[in-house]
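Read through the structure below, which is laid out as structure tokens, and then see the notes.
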Amino acid sequence: MNTQDPTSGLPAGKVWLITGATSGFGRCIAEAALAAGDTVVAAARRPAVLDDLATAYPGRLVPVALDVTDAAGADATVAAVVARFGRIDVLVNNAGRGLVGAVEETTDRELRDLMELHFFGPARLTRAVLPHMREQKSGAVVQMSSMGGRLSFPGVGAYSATKFALEGLTEALAAEVAPFGIKALIVEPGSFRTSFAGGDALRQTAEMPEYAGTVGAVRKGLPDSDGKQAGDPVKAAAAILKALDSEDTPLRLALGNDALDAITAHAEAARAEARTWESVSRGTDFDA
């Protein structure tokens, strides 16, 4: 497969910048892009973990060290990718982790750290790539959100808050950049067999006994689900590439039966609630 334009010496396929690329969705998306003949700059805090992919795809899988909460590092990484490959076609903001705890249990530090990782970091990287994408009049920004970006439940308030914020930002972004030929895709997975529910990827707040009845099941159930989730991350990566390749790329793409069922039920419940309170809602304007 020819992966280089013979006239320019630049990659013939797409150039991807993927954060959190060492495992889970990030690695699966990287592998799918590589299989399609594209070039992937795989950003991670420990890029050595990607040495096997770099060996298997010399010159097309480029590991780089990046903590997405480092503003200077994010800007420098984008500049380096453009300098080396001439462009960035797809940015995937995937780096993230979980946090379980009641809202009252969550400290300011825990909430701010999660916001830096899930919201401010992706926002910064998005701003950094947009001038290049606008100049080339093409590109795509993929925000890895969650079904928790559309709805929430006890124990995941902080996590959902970060994803709600990212989705709100991206909904506006999509309309702003469409005239420049740039796509924005929000991905909302349910439970997938990634490392999200286990190890360092999932943290928990200090526990208060008062919330054992509402949050206790999530504290136990989420770690216990690790390795047993129904979702296949390889199929998720294929679905993301399919959505990006479509002429009608959706703004939001739910992934997994659990995500689609929960999001649909939540939307229907919200509609029913709005109808129930419609007369009150409509009665707050000044009288004509």
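Treat the numbers as computed from the prediction; the structure is a model and nothing was measured.
Pairing each heavy atom of L244 with each of K183, the nearest pair is O-NZ, 2.8 Å. The shortest heavy-atom contact between A44 and T22 is CB-CG2, 3.3 Å. The shortest non-hydrogen separation linking A259 to G190 is CB-N, 3.5 Å. Contact record, V78 with A128: CG1-O, 3.6 Å, taken as the closest heavy-atom pair. The heavy-atom pair separating F25 from A236 by the smallest distance is CE2-CB, 3.7 Å. Taking every heavy atom of both residues into account, P189 and M144 meet most closely at CG-CE, 4.2 Å.
Between R87 atom CZ and T39 atom OG1 the span is 7.5 Å, to the nearest 0.5 Å. Atom CG of D89 sits about 11.0 Å away from atom CD1 of I182, to the nearest 0.5 Å. To the nearest 0.5 Å, atom CG of residue L169 and atom CZ of residue R127 are 8.5 Å apart. Distance check: T162 OG1 to E167 CD gives 10.0 Å after rounding to the nearest 0.5 Å. Rounding to the nearest 0.5 angstrom, the gap separating the CG atom in L253 from the CD1 atom in I186 is 10.5 Å. Atoms CG and CG, on L202 and D226 in that order, are 8.5 Å from each other to the nearest 0.5 Å.
Under the 4.5 Å side-chain criterion, counting only non-hydrogen atoms from C-beta, P47 is not in contact with V64. In this structure the side chain of M133 never reaches within 4.5 angstrom of the side chain of V177, judged on heavy atoms. Side-chain contact between L99 and D113: absent, with no pair of heavy atoms (C-beta onward) separated by less than 4.5 Å. Side-chain contact between V141 and T170 is absent, with no heavy atoms from C-beta onward closer than 4.5 Å. The closest side-chain heavy-atom distance from E207 to V215 is not below 4.5 Å. Between L114 and R97 the shortest side-chain heavy-atom distance falls below 4.5 Å.
Both L34 and I18 belong to a common hydrophobic cluster when Ile, Leu, Val, Met, Phe, Trp and Tyr are linked at side-chain heavy-atom distances under 4.5 angstrom. In the hydrophobic clustering of ILVMFWY residues, with side-chain heavy atoms under 4.5 Å counting as a link, F153 and L111 come out apart. Residue I263 is not grouped with residue F164 when hydrophobic side chains (ILVMFWY) are merged at heavy-atom distances under 4.5 angstrom, including chains of intermediate members. Hydrophobic clustering (ILVMFWY, side-chain heavy atoms < 4.5 Å, transitive): V90 and I88 are in distinct clusters. Linking ILVMFWY side-chain heavy atoms closer than 4.5 Å, directly or via other members, places I29 and L255 in a single hydrophobic cluster.
If you check the side chains of E104 and Y211, you find a donor sitting under 3.5 Å from an acceptor.
Ion pair E188/K163 not flagged as a salt bridge, since none of the NZ, NE, NH1 or NH2 atoms sits closer than 4.0 Å to an Asp/Glu carboxylate oxygen. A salt bridge does not link R45 with D70: none of the charged nitrogens is closer than 4.0 Å to a carboxylate oxygen. Between R252 and E171 there is a salt bridge, with a side-chain nitrogen of the basic residue lying less than 4.0 Å from a carboxylate oxygen of the acidic one. We find that E31 and R27 are joined by a salt bridge, their nearest charged nitrogen and carboxylate oxygen being less than 4.0 Å apart.
Looking at T19, its side chain does come within 3.5 Å of a backbone N or O of N94 through a donor-acceptor pair. Although no hydrogens or angles enter the test, the distance criterion places no donor-acceptor pair under 3.5 Å between the side chain of D38 and the main chain of W16. Proximity of a side-chain donor or acceptor of S160 to a complementary backbone N or O of G148 within less than 3.5 Å is detected. Using modelled atom types, no side-chain atom of S191 and backbone atom of Q229 make a donor-acceptor pair closer than 3.5 Å. Within the 3.5 Å criterion, the main-chain N or O of D261 finds no donor-acceptor partner in the side chain of T264. Of the possible donor and acceptor atoms, one in the side chain of Q204 sits under 3.5 Å from a partner among the backbone N and O of R219. For the pair E105 (side chain) and M208 (backbone), a donor-acceptor distance under 3.5 Å is present. In this structure a side-chain-to-backbone donor-acceptor pair under 3.5 Å is present from Q136 to S138. Panel note: side chain T249, backbone D245; no donor-acceptor pair is recorded below 3.5 Å.
A search for salt bridge (charged side-chain N to carboxylate O under 4.0 Å, His left out) contacts involving R275 returns E278, not counting sequence neighbours.
Counting non-hydrogen atoms of other residues, nucleotides and ligands closer than 6.0 Å to CD of E135 gives a total of 12 or fewer. Remark: N257 CG is loosely packed, at most 12 non-hydrogen atoms of other residues, nucleotides or ligands lying under 6.0 Å away.
Screening residues 79-137 for ring-ring contact (aromatic ring centres under 6.0 Å, His included) gives H118-Y159 as the qualifying pairs, with residues at least two apart or on separate chains.
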Q.
Go through it in stages, so that I can follow the logic: the residues are R84 and V62, the test is side chain to side chain contact (heavy atoms under 4.5 Å, CB included), and I'd like the CA-CA distance, side-chain angles, deciding distance and then a yes or no.
A. CA-CA 11 Å; R84 177 169 178 175; V62 181; 3.5 Å; yes

